[in-house]
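The next block holds one structure in the form of structure tokens; read it before the comments.
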Amino acid sequence: MSELKLYNSLSKEKEAFVPINEGSVGMYVCGPTVYSDVHLGNIRTFMSFDIIYRYLKFHGHKVRYVRNITDVGHLVGDVDEGEDKIAKRAKLEELEPMEVVQKYTNGFREMMRIFNISDPSIEPTATGHMIEQIEMIQQIIDNGYGYVQNGSVYFDTQKFNDDKGSYGNLSGRVLDELLTETRDLKNQSEKRNPGDFAIWMKADERHLMKWKSQWSEGFPGWHLECSAMSTKYLGKHFDIHGGGNDLKFPHHENEVAQNEAACGCAPAKYWLHANMLLMNGRKMSKSDGNTISAQDLFSGKSEHVSKGYSPMVVRFFMLMAHYRSTLDLSDTALLAAEKGYKKLMEAKRFLQQVNHEETGSISDVDKRANEMVDGVFDELNDDFNTPKALARLFELVPIVNSYKDNKPTFRDVSKQTIDKLKKCFSDVLETIMGLKDDQDSEASGTDALDGVMQLVLDLRQQARANKDWATADKIRDDLAAYEIVIKDGKEGTNWSYN
RNA sequence: GGUCGGGUGGCCGAGCGGUUAGGCAGUGGUCUGCAAAACCAUCUACGGCAGUUCGAAUCUGCUCCCGACCUCCA
């Protein structure tokens, strides 16, 4: 099997994945700011890193996965300069800031659960790490890369770049260009250079969330929490840092600078960036309202969709595109994903219950199936190429279905091949891609229903034997009203939920 | 304006120098009481213009569109 390669945003190349410490992997992913409901764009990013997390574990790595909750410190845009995003929301809803944080954190966790996105090993919050952040700021000052102005602390990008020459390496920015581009921001006059950024902000009286520090009563800068928390839980130098593409600059660039300035080394070996989810050809974003909520997607109550889609269909839809590509959400694309998802799940379901007797001989079909299964993992090893892996799986479906249809050629396959297919479908679909079978949950606890359905199907079979098509069709049509689909096959009739 | 990334068949989406991507939709067939499903076959492509090459969707140049970032953002 091929070795795992991943695309490193830092080198802009695919590199072989070699953990810093063999056997254990440290991974940090920038989590959500909990000031409103998560939307599908967030979900796609966390899903992408969930696949990566799952795949690393599948490879036998012990992974410590840290994904933070940002519950303070990000300033809002033009309108409410200097006001904390969470504090703003709190005033709006007349809630205590931490009440807002709790509400949307709960909502976020619930959504992660619905989409079957794994819990991280540690989910630290920014407010819970105020001491670490203040310590890191002091370290940056001590090392000569931070300066205090009127109770606020700024990062000296110019000095940092002169000494290390690395500011902008990750995002491809050039400091000199940034200087001329930077617009007028709050307290711009306090900075030595326009490219400098705040690592501690002095708060005014009406500011709701503030903490005491040696510089002033205030709050930490926008990029500091990730630097402090990744260092605390994963060390100064760890394997993977991930996040959305839109965080590359300034967030990740500044994070790198802060870590180097404080600890003297680059935080992450590999930087991974997930691309944006689009709708109407534009980035889905809660800031500008170009968004559809997950709830509306499930219920179908939105102008953007013709019907509701299950969370697993949405998950599958997202995995049909590579994590580094943009993905355009549309009703027709979701419809296609739904059909594809069902097709794959049906094949998986069949494999799980098939009882194959050993035939002994290894046929051409065996060889082909084996190559194709290996191919699935080759694709995943190639920077987690889920769309290609799924394509390989789809190519295996006709083999599975031919077996199901009792075609002699495919019945000749060996037991090893069937077992390998069985394992491949379950490993890839469930363990790695985290796709649950919608039918498992829908049909659970329905022993009685199974019995009733068997009876109904028996009666319908009798009708059919008597060529009483009217009765047979009535049963089929009436069951359709309950989303139950009847399929007449060679081996008898079976049923499933639509 | 600066930096970067895209434009692939009806739709979504891989590929990134020579090979069928794949899914959905369409078409023809097999099967079926009829359907559905399944199976087999099949039609639509690489924004435009030049160039490099035996050969380009894939490399180069120009050009036209679109997007992201530069400000909180996944």
Side-chain angles (χ1 to χ4, degrees), chain A residues 12 29-33 35 38-49 70 73-81 83-85 88 168 171-174 177-178 180-186 222 242-251 253 273-278 281-288 316-317 320-322 324-344 346-347 379 385-395 397-398 400-402 404-405 407 410 464 467-469 472-473 476-477 480 485-490 494 496 498:
Chain A
K12 295 178 176 59
V29 172
C30 295
T33 305
Y35 65 92
V38 258
H39 70 104
L40 288 165
N42 297 272
I43 287 163
R44 158 129 115 131
T45 296
F46 300 129
M47 194 181 288
S48 297
F49 287 103
T70 295
H74 287 201
L75 297 174
V76 275
D78 332 311
V79 203
D80 303 273
E81 271 188 83
E83 200 173 0
D84 189 288
K85 211 168 211 178
K88 183 195 171 199
S171 61
R173 311 274 157 165
V174 178
E177 287 169 4
L178 280 172
T180 54
E181 291 158 19
T182 312
R183 302 178 207 173
D184 280 344
L185 288 171
K186 192 185 177 241
W222 321 324
N245 215 216
D246 50 352
L247 295 184
K248 211 187 259 181
F249 189 88
H251 184 63
E253 193 66 64
H273 287 99
N275 217 139
M276 301 293 102
L277 179 65
L278 309 181
R282 282 187 307 119
K283 175 183 165 185
M284 224 187 234
S285 157
K286 39 186 171 183
S287 318
D288 63 17
F316 184 80
F317 161 73
M320 294 262 280
H322 188 93
R324 280 193 291 117
S325 302
T326 53
L327 169 63
D328 215 330
L329 182 112
S330 68
D331 192 50
T332 46
L334 283 163
L335 230 32
E338 184 173 57
K339 290 253 195 173
Y341 165 77
K342 283 183 178 166
K343 191 174 182 176
L344 236 35
E346 197 141 329
E379 303 302 357
N385 198 328
T386 54
K388 265 193 131 183
L390 286 171
R392 296 292 90 82
L393 239 39
F394 273 116
E395 283 167 348
V397 169
V400 175
N401 284 333
S402 299
K404 190 162 71 174
D405 284 353
K407 296 240 169 84
F410 299 106
R464 292 179 74 209
K467 296 200 191 300
D468 180 3
W469 310 129
D473 289 352
R476 185 173 64 198
D477 295 344
V485 184
I486 298 278
K487 291 175 190 169
D488 294 326
K490 282 206 180 75
N494 54 41
S496 63
N498 187 21

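Within every chain, numbering begins at 1; the chains are lettered A, B, ... in the order of the sequence lines, protein sequences first and strands thereafter.
Looking at heavy-atom distances under 4.0 Å, A:A391 makes contact with a base. Counting non-hydrogen atoms under 4.0 angstrom, A:G41 reaches a base of the nucleic acid. Heavy atoms of A:L344 sit nowhere under 4.0 angstrom from any nucleic acid atom. Within 4.0 Å of A:D473, counting heavy atoms only, lies at least one base atom of the nucleic acid. No engagement by A:K248 is indicated, since no non-hydrogen atom pair under 4.0 Å with the nucleic acid exists.
Below the 3.5 angstrom threshold, one finds no donor paired with an acceptor across the side chain of A:R173 and the base of B:rC4. A:D331 contributes no side-chain N or O that forms a donor-acceptor pair with the base of B:rC11 under 3.5 Å. Side-chain to base pairing of A:R282 with B:rA68: no donor and acceptor N or O lie closer than 3.5 Å to each other.
B:rG47 and B:rU58: their P atoms are spaced 8 Å apart (whole Å). If you take atom C1' in B:rC66 and the same atom in B:rG48, they sit 15 Å apart, rounded to whole Å.
Once the 5.5 Å centre distance and the 30° plane angle are applied, the aromatic ring of A:F394 is found not to be stacked with the base of B:rG23.
The side chain of A:K343 contributes an N or O atom lying less than 4.0 Å from OP1 or OP2 of B:rC24.
Salt-bridge annotation for A:K343 and A:E346: absent, with no side-chain N of the basic residue lying under 4.0 Å from a carboxylate O of the acidic one.
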